[in-house]
Amino acid sequence: MTDSVTIALDVMGGDHGADSVLPAAVSQLKADPSLRLILVGDESLIRERLKALGPAPEDRMVVHHASEQIEMGEPPMQALRGKPDSSMRVGLNLLRDGEAQAFVSAGNTGALVALSHFVVRMLPGIDRPAIQSTVPALNGHTHVLDLGGNVDSRAEHLLQFAVMGSVLAQELDDNPSPRVGLLNVGEENIKGNRQVQAADILLRESKLNYIGYIEGDDIYCGEVDVVVCDGFVGNISLKTTEGVARMLTTSLKEEFKRNLYSRLAMILAAPILKGFRRLFDPRRYNGASLLGLRHVVIKSHGSADAFAFEQAIVRAQQEARRDLPMQIDQNIDTLLADRVEASVES
């Protein structure tokens with residue numbers, strides 16, 4: 001495990017750009033004396049905003065100028081070919097060249113996936129990067145992937161996602177045998193499309209702690225550690241969860257404002273409501289990993305505020321200190337060797 005870590009931040013990405021990234025950066029630098037940050041973006045803007053924030057650990061903070069930025073709605077291919085000096089591209093170059101151990105951006109997701117694939121490259125044995133995020137569960141949390149990186153995945157890809165998610169849970173949660181479930185429309189063997197059924201066979205033949213099919217409501221029950229699905233299903237599941245959480249929060253607020261008695265009840269229930277809000281606050285889980293790359297790349301939610309972006313920085317630190325890509329590489333190699341041996345013996 002690495003003690004110190006250097007992380008490059010895309011200051012220009014996301015809906016709020018520097019207004020979210022820089023306060024989060026300063027806060028994390030103060031919280032962790034072993035952290036070093038490279039702030040990538042418009043140098044004059046960055047220095048002006050930093051000055052307004054007050055004293056900061058400048059000896060552990062470097063500004064790296066980038067003259068362009070990728071807009072949130074910009075087509076990935078246009079970003080890939082037309083903006084070589086964008087803050088996202090420059091940050092990924094720093095990561096590739098070893099000047100940073102992780103890169104965090106709240107920018108255009110499609111562009112980040114495409115640029116990461118092109119600049120950082122994939123680990124041997126991994127075909128596509130998978131977007132992984134963490135969601136709350138009854139007794140902790142659950143890791144879910146893929147959440148939109150690949151809307152159409154083959155069974156072999158789902159197996160790769162499962163291995164990567166399992167290694168992540170082992171490293172970040174100190175869980176020696178994470179329970180892996182395959183998201184499906186039912187738990188019976190006959191359920192699911194051909195892709196899911198084929199992935200089920202591969203997973204049962206693997207060395208993973210595979211518990212079989214799970215349904216959508218199982219994600220939050222605490223009985224599975226890693227949930228595997230393709231990006232189409234995963235992204236819809238994630239957005240549905242976020243929508244339900246917002247609905248519940250808004251409904252509770254409206255109910256407690258209904259009359260004097262409900263307002264009094266709100267005062268009495270304040271500690272419970274605070275815990276509920278803390279559990280379901282999506283900002284606390286901000287920071288999705290692009291697994292399968294040779295280096296650590298973290299995607300922050302585009303609308304992240306300073307608190308949320310700070311959680312993405314923390315996630316990048318955790319993965320960089322554990323050297324998660326190397327851990328995945330070692331496990332993927334072992335899995336592929338086992339499959340080759342099995343095919344030769346047969």
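Remember, predicted model here, so these are calculated numbers, not experimental data. We're numbering straight along the sequence, starting at 1.
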>> Measuring only between side-chain heavy atoms, which start at C-beta, is P124 closer than 4.5 Å to I332?
In response: no

>> Would the distance check show the side chain of H157 and the main-chain N or O of R154 forming a donor-acceptor pair, the cut-off being under 3.5 Å?
In response: yes

>> Please say yes or no: joined through hydrophobic side-chain contacts below 4.5 Å, possibly via intermediate residues, are V62 and V11 part of one cluster?
In response: no

> Under the 3.5 angstrom rule, does the side chain of S86 hit a backbone N or O of Q69 as a donor-acceptor pair?
Replying inline: no

> What are the two closest non-hydrogen atoms of N193 and V196, and how far apart are they?
Replying inline: OD1-N, 2.9 Å

> Roughly how far apart are S20 OG and H301 NE2, rounded to 0.5 Å?
Replying inline: 12.0 Å

> Tell me, which pairs form a salt bridge (Lys or Arg N to Asp or Glu O under 4.0 Å) where one or both residues lie in residues 31-48, sequence neighbours left out?
Replying inline: D32-R321, E43-R47

> In Å, rounded to the nearest 0.5 Å, how long is the span from CG of D146 to CG of N235?
Replying inline: 9.0 Å

>> When you measure from the side chain of E319 to the backbone of R315, do you find a donor-acceptor pair of N or O atoms at a distance under 3.5 Å?
In response: no

> Would you call I131 and T109 a side-chain contact if the rule is heavy atoms closer than 4.5 Å?
Replying inline: yes

> Donor-acceptor pair, N331 side chain versus M164 backbone, under 3.5 Å?
Replying inline: no

> Which heavy atom in C229 sits nearest to a heavy atom in F161, and how many Å separate them?
Replying inline: O-CD1, 3.9 Å

> So V26 and L50, side-chain contact (heavy atoms from CB on, under 4.5 Å) or not? Walk me through it.
Replying inline: CA-CA 9 Å; V26 172; L50 284 174; 4.0 Å; yes

> How would you list all residue pairs meeting salt bridge (Lys or Arg N to Asp or Glu O under 4.0 Å) that involve residues 113-142, not counting sequence neighbours?
Replying inline: none

> If you take all heavy atoms of I298 and A312, which pair is closest and at what distance?
Replying inline: CG2-O, 3.9 Å

> Which value, rounded to the nearest 0.5 Å, describes the distance between E205 atom CD and Y210 atom OH?
Replying inline: 11.5 Å

>> On a heavy-atom basis, which atom in L158 and which in A199 lie closest, and how many Å separate them?
In response: CD1-CB, 3.7 Å

> Any side-chain heavy atom of M122 sitting closer than 4.5 Å to one from H117?
Replying inline: yes

> So, does Q28 use its side chain to make a donor-acceptor pair with the main chain of E310 at under 3.5 Å?
Replying inline: no

> Do M326 and Q330 come close enough that some side-chain heavy atom pair is under 4.5 Å?
Replying inline: yes

> Any salt bridge (Lys or Arg N to Asp or Glu O under 4.0 Å) pairs touching residues 73-89, not counting sequence neighbours?
Replying inline: E74-K83

> Where do L95 and V120 come nearest, in terms of heavy atoms and distance?
Replying inline: CD2-CG2, 4.0 Å

> Is there a side-chain contact between L92 and S116 (heavy atoms, below 4.5 Å)?
Replying inline: yes

> Does G125 offer a backbone N or O that forms a donor-acceptor pair with the side chain of Q160 under 3.5 Å?
Replying inline: yes

> Does the side chain of L248 reach to within under 4.5 Å of the side chain of S251, using non-hydrogen atoms?
Replying inline: no

> Linking Ile, Leu, Val, Met, Phe, Trp and Tyr by side-chain heavy atoms under 4.5 Å, what else ends up with L94?
Replying inline: I38, V40, V90

> Between CD of Q317 and CG of L37, what distance do you get to the nearest 0.5 Å?
Replying inline: 7.5 Å

>> Is there a path of hydrophobic side-chain contacts, each under 4.5 Å between heavy atoms, that joins L182 and V185?
In response: no

> Can L168 be reached from I211 by stepping across I, L, V, M, F, W or Y side chains whose heavy atoms are under 4.5 Å apart?
Replying inline: yes

>> Can a donor-acceptor pair be found, under 3.5 Å and without considering hydrogens, that links the side chain of T142 to the backbone of I219?
In response: yes

> Is it true that a side-chain atom of S166 and a backbone atom of A162 form a donor plus acceptor pair closer than 3.5 Å?
Replying inline: no

> Stepwise, does the side-chain contact (heavy atoms from CB on, under 4.5 Å) test hold for S237 with L183?
Replying inline: CA-CA 10 Å; S237 299; L183 191 60; 4.0 Å; yes

> So which pairs with a foot in residues 6-27 pass salt bridge (Lys or Arg N to Asp or Glu O under 4.0 Å), sequence neighbours left out?
Replying inline: D19-R49

>> Among residues at least two apart in sequence or on other chains, which ones pass ring-ring contact (aromatic ring centres under 6.0 Å, His included) with H143?
In response: H141

>> Within the structure provided, determine whether L145 and V226 are in side-chain contact (heavy-atom separation under 4.5 Å).
In response: yes

> Does any N or O in the side chain of K299 come within less than 3.5 Å of the main-chain N or O of G107, such that one atom is a donor and the other an acceptor?
Replying inline: yes

>> If I compare all heavy atoms of L39 with all of A25, which pair ends up nearest, and what's the gap?
In response: CD2-CB, 4.1 Å

>> Please report the interatomic distance CZ(F103) to CG(L112), rounded to the nearest 0.5 Å.
In response: 6.5 Å

>> Assess the residue pair L291 and L324 against the criterion (side-chain contact (heavy atoms from CB on, under 4.5 Å)); give the C-alpha distance rounded to whole Å, side-chain angles, the decisive distance to 0.1 Å, and a yes or no.
In response: CA-CA 9 Å; L291 297 181; L324 187 60; 3.9 Å; yes

>> To the closest 0.5 Å, what do you measure between OG (S87) and CG (L9)?
In response: 11.0 Å

> Do any N or O atoms from the side chain of R283 and from the backbone of F307 form a donor-acceptor pair under 3.5 angstrom?
Replying inline: no

> Should M72 and V113 be regarded as members of a common hydrophobic cluster, given that ILVMFWY residues are connected when their side-chain heavy atoms come within less than 4.5 Å of each other, either directly or indirectly?
Replying inline: no

> How far apart are the C-alpha atoms of D152 and D230, what are their side-chain angles, what is the distance that settles it, and do they pass the side-chain contact (heavy atoms from CB on, under 4.5 Å) test?
Replying inline: CA-CA 6 Å; D152 187 14; D230 68 32; 5.7 Å; no

> With hydrophobic residues grouped by side-chain heavy-atom distances under 4.5 Å, do V314 and V297 end up in a single group?
Replying inline: no

> Do P178 and D173 come within less than 4.5 Å of each other through their side chains, counting heavy atoms only?
Replying inline: no

